[in-house]
Amino acid sequence: MFRIFAAVFALIVATTAHAETPNPENWEAVLGEAKGETVYFHAWGGETRINAYIAWAAGEVKERFGVALKQVKVADTANVVSKIVAEKAAGRDENGTVDLVWINGENFVSLKEAGLLLGRPWATELPNYRFVDEEGKPTVKTDFTVPTDGLEAPWGMAKLVFFYDTARLENPPKSMPALLEWARANPGRFTYPQPPDFLGSTFLKQALYELAPDPQVLMQPADDETFARQTKPLFTFLDELHPLLWRQGRAFPQNYGEMRRLLADNEVDITFAFNPADASSAIAAHELPDTVRSYVPEAGSIANSHFLAIPFNANAKAGAMVVANFLMSPEAQARKQDPNVWGDPTVLDVAALPKEDRARFDTLDLGVATLPPEELGKALPEPHASWMERLEAEWARRYGAGQ
């Protein structure tokens with residue numbers, strides 16, 4: 001199960017009649033229907049720069065298209081999934097409270113498998129989808145190995161990148177075994193966010209990839225036997241690492257923001273993020289010293305895309321499409337990739353853009369701590385979504401008590 005109980009699945013029927021879905025192939029009609037709508041966008045609200053970017057986008061879609069965009073800040077997208085499930089169970093097939101949701105991974109899989117997303121491949125029919133780099137960035141078409149089937153619009157790229165302060169550390173460890181050895185020599189100087197925080201869970205998946213006997217098995221759904229065999233080295237590693245962590249592993253930061261502050265306050269020497277430009281963005285915002293630099297593990301690091309989805313019962317379906325289309329535009333994508341704004345890499349094929357749009361990206365200064373694309377190393381695909389669910393549950397069973 002991906003955060004949805006089997007009993008709830010039984011309440012969901014594929015034959016439910018839905019209100020007529022706007023057709024993106026008739027874009028003028030979508031724009032007309034969207035005008036005057038209010039789109040409630042449920043998005044993670046834990047980063048000031050991201051919230052500011054969404055506020056900018058809200059001003060743009062209001063002025064250009066007459067669509068009001070309201071961010072509903074969430075701490076865990078699983079709670080949004082639960083809200084949509086509850087509305088379905090209560091028979092609320094129209095006028096739902098969620099119009100657009102920032103999503104990927106097991107949360108997307110949950111909604112897709114339950115039939116709780118807009119029931120047509122709307123995303124690939126949006127006007128700006130033609131700029132998306134399907135060939136060079138194949139994760140825009142699959143979400144944790146599951147085909148998106150046009151049910152979510154790609155919004156940004158992510159790759160796990162580690163950061164360290166060169167003023168305190170000269171040669172950071174570039175593998176999980178090396179990290180353990182380094183932690184033995186430097187106890188208390190490393191930590192990671194407490195799962196199920198997405199970044200903490202990503203650290204577990206990165207370590208699993210590096211330590212698993214057969215990483216290819218991670219591309220398939222996990223079962224009891226494969227999970228036990230593939231994760232045994234991971235939990236042996238964590239058992240040894242945790243006493244060497246910040247606060248001896250008896251407490252964990254709750255999110256990346258707390259981790260970044262620990263690095264800035266000289267409480268840890270290494271941190272990480274799911275955005276290659278994050279360190280540069282933090283330096284530009286005076287949240288990290290300008291001596292911080294980036295690196296990636298020698299074996300490669302977890303990479304994925306993140307998306308925008310529309311629930312089956314969204315109240316403002318046309319407005320949600322207009323917002324998603326704008327957020328995929330070269331203008332919005334270039335602004336998002338600017339480290340002084342957010343620094344989130346684009347899903348677009350920049351080389352194929354018209355000259356004036358290509359210039360938006362060519363003139364970006366990606367920042368002093370951002371690795372160039374050729375130095376970002378191998379991209380490790382996300383495991384099947386079932387692995388994250390099991391990892392989080394087993395982590396909580398082993399280490400979560402008393403946190």
Looking at Val347 and Gly156, what are the two nearest heavy atoms and their distance?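 Shortest heavy-atom contact: CG1-N, 3.3 Å.
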Where is the tightest heavy-atom contact between His384 and Val146, given as atom of each residue plus distance?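 Smallest heavy-atom distance, with atoms named: NE2-CG2, 4.5 Å.
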Given the options Phe252, Phe235, Trp387, Trp395 meets ring pair (Phe, Tyr, Trp, His ring centres under 6.0 Å) only with Phe252
CA sep, side-chain torsions, deciding dist, call: Asp99, Lys317, salt bridge (Lys or Arg N to Asp or Glu O under 4.0 Å): CA-CA 7 Å; Asp99 296 305; Lys317 295 182 178 71; over 6 Å; no
Answer yes if the ring centres of Tyr399 and His242 are under 6.0 angstrom apart, and no otherwise.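 Centroid separation for Tyr399 and His242: below 6.0 Å.
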Evaluate side-chain hydrogen bond (donor to acceptor under 3.5 Å, both in side chains) for Gln254 paired with Asp197, printing each intermediate quantity in order. CA-CA 7 Å; Gln254 295 304 299; Asp197 172 82; over 6 Å; no
What pairs of donor and acceptor atoms, side-chain ones from residues 202-212 against any protein atom, are under 3.5 angstrom apart with sequence neighbours left out?
residue : atom : partner : partner atom : Å
Thr202  : OG1  : Phe198  : O            : 2.7
Lys205  : NZ   : Glu382  : OE1          : 2.5
Lys205  : NZ   : Glu382  : OE2          : 3.4
Gln206  : OE1  : Ile302  : N            : 3.0
Gln206  : NE2  : Glu210  : OE2          : 3.0
Gln206  : NE2  : Gly300  : O            : 2.9
Tyr209  : OH   : Pro381  : O            : 2.5
Glu210  : OE1  : Met176  : N            : 2.9

Show which side-chain atoms of residues 364-380 pair as donor or acceptor with protein atoms under 3.5 Å away, not counting sequence neighbours.
residue : atom : partner : partner atom : Å
Asp365  : OD1  : Gly367  : N            : 3.1
Thr370  : OG1  : Ser280  : OG           : 2.7
Thr370  : OG1  : Leu366  : O            : 2.5

Angle class for the Trp102/Trp342 ring planes (parallel below 30°, perpendicular above 60°, tilted otherwise)?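 Geometry flag for Trp342 against Trp102: perpendicular rings.
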Counterpart residues, side-chain contact (heavy atoms from CB on, under 4.5 Å), relative to Asn186 (two or more places apart): Trp182, Arg189
Between Arg49 and Asn340, does any side-chain donor sit less than 3.5 Å from a side-chain acceptor?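 Checked: Arg49/Asn340 side chains show no N/O donor-acceptor pair below 3.5 Å.
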When you compare the side chain of Ile270 with that of Arg168, does any pair of heavy atoms fall below 4.5 Å?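 Side chain of Arg168 against side chain of Ile270, heavy atoms only: no contact under 4.5 Å found.
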Find out whether Val98 and Phe41 are in side-chain contact, i.e. whether some heavy atom of one side chain is under 4.5 Å from a heavy atom of the other.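 A side-chain contact is absent here, since even the closest heavy-atom pair is not under 4.5 Å.
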